[in-house]
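All heavy atoms count here, side chains included; hydrogens, waters and symmetry mates do not.
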Amino acid sequence: IELNIIGKGVGPITESDVLLAESNHAVIFGFHSSPTQTAQHLIQEKNIEAKTYKIIYELLDEIKKRMEEKLKPEIQKIPLGKIKILKIFKKEKEGMVVGGRVMEGMATLGAKADVLRKDVKIGQGKIVKLQSNKIDVKDLEQGKECGIQFEGKPIIEEEDILECYKEESHEQKIE
């Protein structure tokens, strides 16, 4: 993210400062200065955001906070496990019902999954139902067989691997 300073100066905030802020859709920040009476009327008339500070750290904290609000959260992919597909039971328009065996880690209800064919990602989706011996479960450990209702394009074939993961969102901060 980049801070774009479109004008700076000393003395009171003037009409030209307000017009410059309006034309650039900017915020006016003043440090130990305030708007002239005419500029104050123009700020209200044009509905321009103007803030003044007497303590520099408060000004810097405000700018940092506004910049952090513009940062997109960082998405971290956390691996859960791998399922080898043994059988295709049903193909639907927006998903499939398949059977498989947990080869490593865990199979978890609600997990996102990449579909791998010969180690190449060919699609992705989500595990919306997970069963063991026709009983709904939340997760299954390595070695267990399972039935899966997969939400996503119906592209899975026998011998494909579902690489399960969850995503965690972390807010980014400016140091």
Side-chain angles (χ1 to χ4, degrees), residues 1-6 21 24-29 47-51 53 55-175:
I1 189 158
E2 188 175 318
L3 177 64
N4 186 12
I5 299 171
I6 57 169
N24 287 281
H25 307 287
V27 177
I28 298 172
F29 290 104
N47 199 23
I48 303 295
E49 187 175 2
K51 296 188 156 250
Y53 297 88
I55 300 171
I56 191 70
Y57 295 109
E58 289 176 358
L59 169 63
L60 296 174
D61 287 345
E62 175 72 16
I63 291 170
K64 181 179 171 184
K65 181 181 130 219
R66 286 171 180 255
M67 290 176 71
E68 284 176 345
E69 287 172 355
K70 297 205 180 280
L71 290 173
K72 292 181 180 172
E74 181 180 53
I75 306 297
Q76 184 178 11
K77 191 174 178 178
I78 299 166
L80 298 173
K82 293 183 181 181
I83 305 166
K84 183 175 185 176
I85 302 304
L86 304 174
K87 185 98 174 126
I88 307 299
F89 294 113
K90 190 165 144 185
K91 286 187 179 187
E92 299 167 341
K93 188 175 183 178
E94 294 296 321
M96 300 181 74
V97 177
V98 298
R101 179 178 292 118
V102 182
M103 303 304 288
E104 63 182 67
M106 304 264 305
T108 304
L109 179 66
K112 294 186 176 190
D114 290 336
V115 180
L116 304 178
R117 185 168 299 143
K118 297 181 182 169
D119 294 326
V120 176
K121 180 180 171 182
I122 60 166
Q124 66 183 40
K126 184 177 181 178
I127 297 174
V128 294
K129 192 170 190 176
L130 184 62
Q131 291 187 334
S132 176
N133 295 321
K134 297 186 180 187
I135 298 170
D136 289 351
V137 293
K138 290 189 178 187
D139 46 49
L140 285 170
E141 62 271 354
Q142 184 174 331
K144 301 283 184 173
E145 289 193 0
C146 55
I148 298 167
Q149 184 172 346
F150 178 83
E151 187 177 90
K153 290 187 180 178
I155 54 168
I156 300 172
E157 294 179 2
E158 290 179 10
E159 303 295 315
D160 285 351
I161 302 290
L162 294 184
E163 206 167 56
C164 303
Y165 62 94
K166 68 179 181 176
E167 291 180 336
E168 286 185 356
S169 176
H170 300 282
E171 302 244 341
Q172 294 192 62
K173 297 285 182 190
I174 298 173
E175 298 294 323

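- Taking CZ of R66 as the reference point, atom NZ of K51 lies at 5.5 Å (rounded to 0.5 Å).
- Rounded to the nearest 0.5 Å, atoms CD1 (I148) and CG (L162) are 5.5 Å apart.
- Counting only heavy atoms from C-beta outward, the side chains of R101 and K144 never approach each other to under 4.5 Å.
- In this structure the side chain of K129 reaches within 4.5 angstrom of the side chain of D136, judged on heavy atoms.
- For NZ of K121, the number of neighbouring non-hydrogen atoms (other residues, nucleotides, ligands) closer than 6.0 Å is greater than 12.
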Q: Decide yes or no on side-chain contact (heavy atoms from CB on, under 4.5 Å) for D160 and V98, but give the supporting numbers first.
A: CA-CA 11 Å; D160 285 351; V98 298; over 6 Å; no
(Q) Checking V115 against I85 for the side-chain contact (heavy atoms from CB on, under 4.5 Å) test, could you report, in this order, the C-alpha distance in whole Å, the side-chain angles of both residues, the deciding distance, and whether it holds? (A) CA-CA 10 Å; V115 180; I85 302 304; over 6 Å; no
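- A107 approaches L130 most closely through the heavy-atom pair O-CD2, 3.5 Å.
- The shortest heavy-atom contact between E145 and S132 is O-OG, 4.1 Å.
- I88 and M96 make their closest contact through CG2-CE, 3.6 Å (heavy atoms, listed as atom of the first residue, atom of the second, distance).
- Using a 4.5 Å heavy-atom threshold, the side chains of Q76 and H170 count as touching.
- L116 is not listed as a side-chain neighbour of K82, based on a closest heavy-atom distance of 4.5 Å or more.
- In terms of heavy atoms, Y53 sits closest to E62 at OH-CG, 3.1 Å.
- In terms of heavy-atom proximity, E104 sits nearest to Q142 at CA-OE1, 3.6 Å.
- Atom CD1 of residue I156 and atom CZ of residue F150 lie 4.0 Å apart, to the nearest 0.5 angstrom.
- When all heavy atoms are compared, the tightest approach of Y165 to P79 is CB-CA, 4.1 Å.
- A salt bridge does not link K77 with E163: none of the charged nitrogens is closer than 4.0 Å to a carboxylate oxygen.
- One finds no salt bridge joining K173 and E171 here, because no Lys/Arg side-chain nitrogen approaches an Asp/Glu carboxylate oxygen to under 4.0 Å.
- Between D139 and L80 the shortest side-chain heavy-atom distance does not fall below 4.5 Å.
- Between atom NZ of residue K70 and atom CG of residue L3 there is a gap of 11.0 Å, rounded to the nearest 0.5 Å.
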Q: Step by step, work out the side-chain contact (heavy atoms from CB on, under 4.5 Å) result for K166 and K112.
A: CA-CA 6 Å; K166 68 179 181 176; K112 294 186 176 190; over 6 Å; no
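- Counting only distance, with no hydrogens or angles, the side chain of E151 and the backbone of E94 share no donor-acceptor pair below 3.5 Å.
- Within 6.0 Å of CG in N133 there are 12 or fewer heavy atoms belonging to other residues, nucleotides or ligands.
- If you take CD1 on I161 and CD1 on I122, they are separated by 11.5 Å, rounding to the nearest 0.5 Å.
- Atoms NZ and CG, on K126 and L109 in that order, are 8.5 Å from each other to the nearest 0.5 Å.
- With a 4.5 Å cut-off on side-chain heavy atoms, T108 and C164 do not count as touching.
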